[in-house]
Amino acid sequence: MGELAVTALEAAAKALIADAAAKVAGSDFDAGQLPFSRPKDASHGDAALACFPLAKAARLAPPAAAAALADALRELTAVGGTAIASVEAVGPFVNLRYSRAMLAEDVIRGVLEQRAPFGPWDKNDKTIVIDYSSPNIAKPFHFGHLRSTVIGAALRRIYKHTGHGVVGINHLGDWGSQFGKILVAFQEWGDMARLRADPMRHLYEIYVRFKRESDADPNLNDRAAAAFRHLESGEDNVERQLWQELRDISVEAFAGPYRRLAAEFEAITGESFYEDKIDATLQALKGAGITTMSEGALVVELDGMPPCILVKSDGTTIYATRDLAALFYRRATYGFDKALYVVGGEQKLHFKQLIAVIQKLGWKEAAGIEHVDFGLVLTFDAETKRWTKFSTRGGNAIFLDEVLDEAVAKVRTIIDEKNPTLADKDAVAEAIGVGAIVFNDLKNTRIKDVKFDWDELLNFEGETGPYVQYAGARLASILRKAEVAVDDFDLSDIAWNELEDADQVLLTMQGFASVLERCIDKNEAYVLTSFVTSLAADIHSYLRGHHVLSAEEPLRRARLALVLAARNLIRDGLALLGVASPEEM
RNA sequence: GCGCCCGUAGCUCAGUUGGAUAGAGCAUCGGACUUCUAAUCCGGCGGUCGCAGGUUCGAAUCCUGCCGGGCGCGCCA
């Protein structure tokens, strides 16, 4: 475990604590064992140390160890001017408080001067490949696709911000036997004009129709299998030409949603990209001696799970084959330390198999391959009164653009009601409506299923995107009226000690580094979502009791510095999540 | 049947990896706009942390067994 990124003030405090702990328990005591945490109750102080490990090392009862540590710390900080202003032992805990002025300066300078951990972190030599969004373009781009897209896009930005080399890859599902079905469906019922007008819906229509009609006519499935065989033959035949056209139109249609969602990729290389790399991959696997024939298929036998199928008995490949080819390619091209797959939890077994195959090959990278799984999107079924899966074949899929448009429209009516004179209402409505949807998806632990609920989705109060954006807009408004230089704020001679009642805001901001670290550690964006929500709550609350523009100098300028720092951190935090920060709303 | 995941307030969820009195939002009830945006703030109500054991100074968190729900289990992705 590496050193946690901390601000200068925290580092100074930790150094003092290490010295004090050495006095209590001897110099070989590892002060890293003292958990440095935020007390739940703010009245306990700014930071708390649980002294159980220290007590063990010093052979003291925990309260006695805490008292001894507090005494030692007091001795070190008695001279004043140190990071720690006060120390108190309470039972087995030592609670400490930072110097108020130093806390304010530490955090605000850090944010405004864009210093790590607030600004971009120093580059490290790790490369992270993140496979996300990766829609199957033979199927509709429905609301469920939002999850992989926004989680992956957020993780990509968070890794980038913390100094990692990042390769975001959209592994489009543009190949495979599904495409045989869509080819046949298009030949039967497709309409090129309608396809061009609304590609996603038209493909969806014919896909659903294929599903329905193939139940009655199994011959359709045989034709679909043949179509994919023809496609995979490599010949320039009708299947190939139609596939190319459908693919091009679909890919173009995705650009819009990706722009709205702020999803960016270093590479858009679909499954078809590996078509000419499959043979080499198969040769490598065979050469490693890990393949066998089983029931007419080429497989890798695995312990404790079904075999990984590489070539089906009809001679065509399967997604596992293409995923393996992609891993070979990504290792050779990018040399990754981590390869993340932001894909739904239903595919857990598939990725377990994939990793097991790579382990059999003995790659050292195997340990860095991780399935970043997430829960399903469920809809409430009024009949059975239960949350159920959306059914594509049942035709009750909800399209992503539908949801985004609905949210934007709702925001538009709220703006007309609350802020009728606002300039550029449509752009603001887009930022807030889409932001609300993205934020909502990043709010909880990935693995939780998302219950699709219009009421909750279109509620913009409380723990929501608009709530956080609103805090940013209020702060921006103050800064506008104060006419301060937001890009070059003068930090000299700020009366930092005037900010003694901004504890909550400052302490929350101070936690930014550990928030990003936890995001990376868990591959979770919700930690950051929850951080910006807390910061917004803290600043909303602060603004209620502390007027900025009417304050006397030097308090006024100190508060403006706080306001600017909070606004920047909210904006930057939201940006990492893929949510815009309108200046006004 | 087997494997994995989930179970915390009426609802939706946090709980910093075993630490202080289990926290938010929504809903509900009551307050706060002649002052920088009320998409806000302040307060009330609301919990046998699914159940039962175990581990120890200490468990929502760890171990075991049940109960409930979800996902998956060879030629779909």
Side-chain angles (χ1 to χ4, degrees), chain A residues 35-41 44 48 50 52 55 61-62 90-93 95 134 136 138-139 173 175-178 181 271 294-299 304-314 316 318-320 322-323 343-350 352-353 373 375-376 378 386-387 389 411 414-415 417-419 422 432 436 443-445 447-451 453 455-456 459-464 466-467 469-471 473-482 511 514-515 517-518 521-522 526-527 530 533-534 536-537 540-551 563 584-585:
Chain A
F36 199 77
S37 67
R38 259 309 266 296
K40 288 171 196 163
D41 185 343
H44 284 138
F52 302 97
V90 181
F93 297 92
N95 298 323
S134 306
N136 185 333
K139 287 181 178 176
W175 205 247
S177 53
Q178 295 281 336
K181 292 180 183 173
E271 292 186 84
S294 168
E295 299 172 28
L298 183 71
V299 307
M305 58 187 117
C308 178
I309 294 176
L310 300 172
V311 181
K312 295 186 278 184
S313 48
D314 72 355
T316 59
I318 190 169
Y319 64 114
R322 298 185 286 272
D323 272 348
V343 178
E346 318 89 271
Q347 295 195 38
K348 200 126 196 175
L349 178 58
H350 165 65
K352 233 175 111 179
Q353 291 176 306
D373 57 344
L376 278 53
L378 304 177
R386 292 166 79 150
W387 290 97
K389 267 173 99 162
V411 170
I414 296 177
I415 290 176
E417 173 192 319
K418 290 182 189 288
N419 197 352
L422 180 67
I432 298 172
K443 195 157 70 170
N444 299 136
T445 323
I447 200 65
K448 285 260 166 44
D449 290 341
V450 168
K451 280 128 182 168
D453 178 358
D455 287 343
E456 197 171 320
N459 171 34
F460 302 145
E461 288 166 16
E463 293 170 344
T464 67
Y467 173 88
Q469 290 171 316
Y470 182 58
R474 286 182 70 187
L475 296 170
S477 168
I478 293 171
L479 293 163
R480 244 183 344 264
K481 288 180 175 154
S514 71
V515 165
E517 240 149 21
R518 280 168 56 211
D521 198 46
K522 300 157 71 153
Y526 83 89
V527 186
S530 142
T533 306
S534 299
H540 268 135
S541 179
Y542 180 82
L543 291 179
R544 172 89 6 208
H546 304 83
H547 209 267
V548 176
L549 297 179
S550 64
V563 163
E584 291 181 71
M585 62 186 274

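First the proteins, then the strands, lettered A, B, ... as listed; each starts at 1. Here the structure is a predicted model, which is why all the values come from computation and not from measurement.
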Across nucleotides 33-45 of chain B, 5' to 3', mark each nucleotide with B, S or - according to how protein heavy atoms within less than 4.0 Å reach it. --SBBSBBSS---
Rounded off to whole Å, could you give me the [atom1]-to-[atom2] distance for the [X] and [N] pair?
{"X": "A:N459", "N": "B:C11", "atom1": "CG", "atom2": "P", "answer": "18 Å"}
{"X": "A:K181", "N": "B:C76", "atom1": "NZ", "atom2": "P", "answer": "8 Å"}
{"X": "A:E456", "N": "B:U12", "atom1": "CD", "atom2": "C1'", "answer": "5 Å"}
{"X": "A:E463", "N": "B:C11", "atom1": "CD", "atom2": "P", "answer": "17 Å"}

Can you tell me how far apart [atom1] ([X]) and [atom2] ([Y]) are? Round to the nearest 0.5 Å.
{"X": "A:R480", "Y": "A:E584", "atom1": "CZ", "atom2": "CD", "value": "4.0 Å"}
{"X": "A:L298", "Y": "A:C308", "atom1": "CG", "atom2": "SG", "value": "9.5 Å"}
{"X": "A:W175", "Y": "A:I318", "atom1": "CH2", "atom2": "CD1", "value": "15.5 Å"}
{"X": "A:K448", "Y": "A:Y526", "atom1": "NZ", "atom2": "OH", "value": "9.0 Å"}
{"X": "A:S477", "Y": "A:L549", "atom1": "OG", "atom2": "CG", "value": "8.0 Å"}

If the [atom1] atom of [N] is compared with that of [M], how far apart are they to the nearest Å?
{"N": "B:C63", "M": "B:G25", "atom1": "C1'", "result": "34 Å"}
{"N": "B:G44", "M": "B:A39", "atom1": "P", "result": "24 Å"}
{"N": "B:G43", "M": "B:C26", "atom1": "P", "result": "14 Å"}
{"N": "B:A52", "M": "B:C71", "atom1": "P", "result": "28 Å"}
{"N": "B:C42", "M": "B:G54", "atom1": "C1'", "result": "45 Å"}
{"N": "B:G53", "M": "B:G69", "atom1": "C1'", "result": "23 Å"}
{"N": "B:G47", "M": "B:A9", "atom1": "P", "result": "10 Å"}
{"N": "B:C6", "M": "B:G50", "atom1": "P", "result": "13 Å"}

A:F93 ring over B:G19 six-membered base ring, under 5.5 Å and 30°: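 Stack criterion not met.
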With the stacking rule set at 5.5 Å and 30°, tell me whether A:H350 counts as stacking on B:A77.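 Answer is no, no stack.
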Quick one: label [X] by what it contacts on the DNA or RNA (base, sugar-phosphate, nothing), any heavy atom closer than 4.0 Å.
{"X": "A:K451", "result": "sugar-phosphate"}
{"X": "A:N95", "result": "base"}
{"X": "A:A61", "result": "nothing"}
{"X": "A:G173", "result": "nothing"}
{"X": "A:K448", "result": "sugar-phosphate"}

Look at the side chain of A:K348 and decide which nucleotide, out of B:C4, B:A77, B:C6, has an atom nearest to it.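 The answer is B:C4.
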Taking O4'-C1'-N9-C4 for purines and O4'-C1'-N1-C2 for pyrimidines, is B:C33 syn (within 90° of 0) or anti?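 Syn.
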Mind telling me whether B:U17 is syn or anti, cutoff 90° either side of 0?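 What B:U17 shows is a syn base, its glycosidic angle lying within 90° of 0.
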Are any of the side-chain heavy atoms of A:H44 and A:V90 separated by less than 4.5 Å?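 The answer is no, as the side chains (C-beta and beyond) never meet within the 4.5 Å cut-off.
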With sequence neighbours excluded, residues passing side-chain hydrogen bond (donor to acceptor under 3.5 Å, both in side chains) with A:D323: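 side-chain hydrogen bond (donor to acceptor under 3.5 Å, both in side chains) check on A:D323 returns A:H171, A:H350.
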Position toward the 5' end of RNA chain B (nearest nucleotide), A:S134 or A:V527: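 Its nucleotide being nearer the 5' end, the pick is A:V527.
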Check: [X] side chain, [Y] main-chain N or O, donor-acceptor pair, under 3.5 Å:
{"X": "A:S534", "Y": "A:S530", "value": "yes"}
{"X": "A:N95", "Y": "A:A48", "value": "no"}
{"X": "A:Q353", "Y": "A:P306", "value": "yes"}
{"X": "A:K443", "Y": "A:E463", "value": "yes"}

Please name the pair of heavy atoms, one in [X] and one in [Y], separated by the smallest distance, quoted to 0.1 Å.
{"X": "A:A297", "Y": "A:I309", "answer": "CB-CG2, 4.4 Å"}
{"X": "A:P466", "Y": "A:I432", "answer": "CG-CG2, 3.7 Å"}
{"X": "A:T533", "Y": "A:Y467", "answer": "O-CE2, 3.9 Å"}
{"X": "A:N419", "Y": "A:M585", "answer": "ND2-O, 2.8 Å"}

Under 4.0 Å between a side-chain N/O of A:Y526 and OP1 or OP2 of B:A24, yes or no?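 Indeed not, no polar side-chain atom of A:Y526 lies that close.
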Would you say a side-chain N or O of A:S177 is under 4.0 Å from OP1 or OP2 of B:A77?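 Result: yes.
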For A:Y542, ring-ring contact (aromatic ring centres under 6.0 Å, His included) partners two or more places apart: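 ring-ring contact (aromatic ring centres under 6.0 Å, His included) list for A:Y542, sorted by chain: A:H546.
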Pairs counted only when both distances fall under 3.5 Å, Watson-Crick or G-U: show me the 5' to 3' dot-bracket for RNA chain B, [ ] for pseudoknotted crossings and | for other-strand partners. (((((((..((((.....[...)))).(((((.......))))).....(((((..]....))))))))))))....
Restricting both atoms to N or O, compile the protein contacts to nucleotides 69-74 of chain B shorter than 3.5 Å, with distance only.
from, atom 1, to, atom 2, distance (Å)
B:G69, O3', A:R386, NH2, 3.4
B:G70, OP1, A:R386, NH2, 3.1
B:G74, O6, A:S294, OG, 3.1

Protein and nucleotides 59-64 of chain B: nitrogen or oxygen contacts under 3.5 angstrom:
none

Distance criterion of 3.5 Å, no angle test: do you see the side chain of A:D455 paired donor-to-acceptor with the base of B:A27?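 Such a pair does not exist between side chain and base.
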